[in-house]
Amino acid sequence: MARMSALFRRTAARPPQDRLVTLIRKPGCHLCDDAQTVIEKVCADLGVPWEQKDISQDRELHDKYWEQIPVVLVDGEQHTFWRVNEQRLRRALTE
């Protein structure tokens with residue numbers, strides 16, 4: 001049943017503005033700055049809201065992601081880490 005529910009979530013398209021991109025980052029991280037540039041562009045183009053979270057301010061996020069920073073979540077699910085591919089993020093938000 002859980003597998004069917006996950007499949008339904010993937011196939012049930014939602015408009016981009018109903019999605020949420022989360023950038024998990026830390027201060028002074030040049031890869032995080034690069035990721036933010038891509039996220040800002042894609043989200044602005046598609047009308048997708050986005051947020052950022054700082055691992056230095058959240059122990060749980062730090063423990064979970066500190067080796068992968070920056071991490072990008074789409075609707076709470078990990079999409080990628082380290083480098084953000086603009087086309088891949090755009091597809092994830094529109095398909």
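Any value given below was found using the heavy atoms of this structure, including those in side chains, with hydrogens, waters and symmetry copies removed.
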Name every donor-acceptor pair, under 3.5 Å, that has one atom in a side chain of residues 32-39 and the other anywhere in the protein, sequence neighbours excluded.
unit_1 : atom_1 : unit_2 : atom_2 : d
Asp33  : OD1    : Arg25  : NH2    : 2.6
Gln36  : OE1    : Arg25  : NH1    : 2.6
Gln36  : NE2    : Glu40  : OE2    : 2.9
Thr37  : OG1    : Asp33  : O      : 3.1

Using the test side-chain hydrogen bond (donor to acceptor under 3.5 Å, both in side chains), find all partners of Ser56 that sit at least two apart in sequence or belong to another chain. Asp54
For Gln17, which residues count as a side chain to side chain contact (heavy atoms under 4.5 Å, CB included) partner, sequence neighbours excluded? Pro15
Heavy atoms of Trp82 and Ile69 approach each other most closely as CD1-O, 3.4 Å
Phe81: partners by side chain to side chain contact (heavy atoms under 4.5 Å, CB included), with sequence neighbours left out: Gln68, Val71, Gln78
If you look at every heavy atom in Val21 and Cys43, which pair is closest and at what distance? CG2-SG, 3.8 Å
Set of side-chain hydrogen bond (donor to acceptor under 3.5 Å, both in side chains) partners for Arg90, sequence neighbours left out: Asp45, Glu86
Please name all residues satisfying side-chain hydrogen bond (donor to acceptor under 3.5 Å, both in side chains) with Arg59, sequence neighbours left out, ordered by chain then number. Asp63
Report the residues that fulfil side chain to side chain contact (heavy atoms under 4.5 Å, CB included) with Thr80, sequence neighbours left out, ordered by chain and then residue number. Val72, Val84, Arg88
Taking only residues two or more places apart in sequence, or in another chain, which ones meet Glu60 in a side chain to side chain contact (heavy atoms under 4.5 Å, CB included)? Asp58
Specify the closest pair of heavy atoms between Val74 and His79, including all atoms of both residues, with the distance to one decimal. CG2-CB, 3.7 Å
Under a single-linkage rule joining Ile, Leu, Val, Met, Phe, Trp and Tyr whose side-chain heavy atoms are separated by less than 4.5 Å, which residues share a cluster with Leu31? none
